[in-house]
*Asks:* 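Attaching a single structure in structure tokens format; questions to follow.
Numbered from 1 within each chain, the chains take letters A, B, ... in sequence-line order. Note that the coordinates shown come from a computational prediction; the quantities given were computed from them, not determined experimentally.
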Protein chains: 2
Amino acid sequence: MAETTRDRILDAALRAYGTEGFAVTSLDALADQLGIRKQTILYYFPSKHAVFEAVIDAAAIDLATAFEEEASRGLVGLEQVEAIVRRVFRLAVAQPELLGLVREVTRPGSLSADRLATQIAPILDRARDFLEREMDAGHLRRSDPEMLLLSLYSTVVGVATELEVQRAMGLPPTLRGTVARRQELTRFLRAALEPAR
Amino acid sequence: MAETTRDRILDAALRAYGTEGFAVTSLDALADQLGIRKQTILYYFPSKHAVFEAVIDAAAIDLATAFEEEASRGLVGLEQVEAIVRRVFRLAVAQPELLGLVREVTRPGSLSADRLATQIAPILDRARDFLEREMDAGHLRRSDPEMLLLSLYSTVVGVATELEVQRAMGLPPTLRGTVARRQELTRFLRAALEPAR
DNA sequence: AGAACTCTCTACCAATTGGTAGAGAGTTTG
DNA sequence: CAAACTCTCTACCAATTGGTAGAGAGTTCT
């Protein structure tokens, strides 16, 4: 309990930046949500951009933790891939703002793209190694691990987060619909990754 | 020749909104790029948001045209899918701001998502029909066409935007790298879509 | 007790924002 | 030629922005 003011600011900022976006969220708006004045925010962070960077750092830790949890189960081949997909979807439902922040940060004009990138790099390295190992072991179809990772990332995060696109396509944003989407995605990935028999 | 002022504004706006984003691009900044005053912009468009909507409309036409060109070749099965993927990548290289705009518009909670959506809807319908038909004909592995479409969209746009992010971070997008990505993506799709033999 | 420190606030500020009013130059129309 | 219209501009404006200065209340240290 007793969440510190600093943590409350970071929570609200993650939610705001991850859904509305960084540029459109003013310090005043953020402060209003918390029932404080923006000067209090500027007491804890030297500037608006510093809040953003702190949010990114915290998000990177959350993401790394979630990934770590799934990766340390000793699963193999497709089962490991599917475990992570399931986790990403769980994240998308429980904490949509987290993946929303990733989307915000990885936008072309973003000043802080590399901040998240460098913190996530170890995860990516580990994922690439995993794919390579599993291909060698014959558990996954052989292909370029780096590129495969990129395709996997885009597909999974996209399917999990592109709510507007889904709405535009007439897909219901219900929990049931989300589960169906995950299952279909899993089938899709299985078809793409299963070693040729 | 003799591009009208209105068209020059739309061009610059597409580039700015598609890379920097709508919120962070002020009318003054836009006018500066064109060597005019923002009041001239407001002569052609009643408000900043009207500029955005006009940009979306123009982009929708460009996208529909590109799609139409690829779709009217009478290709079949995976060949048709790959032709469109190739076209999207060509777009991503030649006009990265166009996909950037799509990304900007499809941000969760976007007010203008519907505007693009309704204009793109016929394309989506057509694409869904195509996939369904090709599955029936046994040219593509059977799966939920809607989900498949979403996966395709996420993956292709995701991989294409990722190129932009890297470019923004200083990694020059070599033609070779782009082609390599497209080929890996194609392999990925082929593995997932090829009818089981 | 008093000094120092922590935290949140009020009071400002200069810059930037989207937008309005309307002048002035050039062109087209009657 | 004069009137009307088209286009771009200067001059403003009120609201919002991120940020500074410093007061005041409460707590902790000596």
*Asks:* Who is the Watson-Crick or G-U wobble partner of C:dG22, with both distances under 3.5 Å?
*Replies:* D:dC9

*Asks:* With sequence neighbours excluded, tell me which residues meet side-chain contact (heavy atoms from CB on, under 4.5 Å) with A:Tyr44.
*Replies:* A:Thr5, A:Arg6, A:Ile9, A:Thr40

*Asks:* Main chain of A:Ser143, side chain of B:Arg187: is a donor-acceptor contact present, judged purely on distance under 3.5 Å?
*Replies:* no

*Asks:* Looking at residues 31-41 of chain A, who's got a heavy atom less than 4.0 Å off DNA chain D?
*Replies:* A:Lys38, A:Gln39

*Asks:* Let me know which of A:Val157, A:Val156, A:Leu149 forms a side-chain contact (heavy atoms from CB on, under 4.5 Å) with A:Tyr153.
*Replies:* A:Val157

*Asks:* Reading DNA chain C 5' to 3', which nucleotide is the first, and which the last, to come under 4.0 Å of any heavy atom in chain A?
*Replies:* C:dT6 to C:dA11

*Asks:* If you find the nucleotide of DNA chain D closest to A:Pro46 and the one closest to A:Ala29, which residue's nucleotide is nearer the 5' end?
*Replies:* A:Ala29

*Asks:* Does anything in residues 119-132 of chain A pair up under side chain to side chain donor-acceptor pair (under 3.5 Å), and if so which pairs, sequence neighbours excluded?
*Replies:* A:Asp57-A:Gln119, A:Glu68-A:Arg126, A:Asp125-A:Arg128, A:Arg128-A:Glu146

*Asks:* Using modelled atom types only, decide if a donor and an acceptor are shared between the side chain of B:Ser110 and the backbone of B:Ala113 within a distance under 3.5 Å.
*Replies:* yes

*Asks:* Applying ring-ring contact (aromatic ring centres under 6.0 Å, His included), can you list everything that pairs with A:Tyr17, at least two apart in sequence or on another chain?
*Replies:* A:Phe22, A:Phe52

*Asks:* Tell me what A:Leu27 touches on the nucleic acid: a base, only sugar-phosphate, or nothing, going by heavy atoms under 4.0 Å.
*Replies:* sugar-phosphate

*Asks:* Quick one: does B:Arg87's side chain get under 4.5 Å of B:Arg90's, heavy atoms only?
*Replies:* yes

*Asks:* Could you note down all residue pairs passing salt bridge (Lys or Arg N to Asp or Glu O under 4.0 Å) where residues 10-32 of chain A supplies at least one of them, sequence neighbours left out?
*Replies:* A:Asp28-A:Lys38

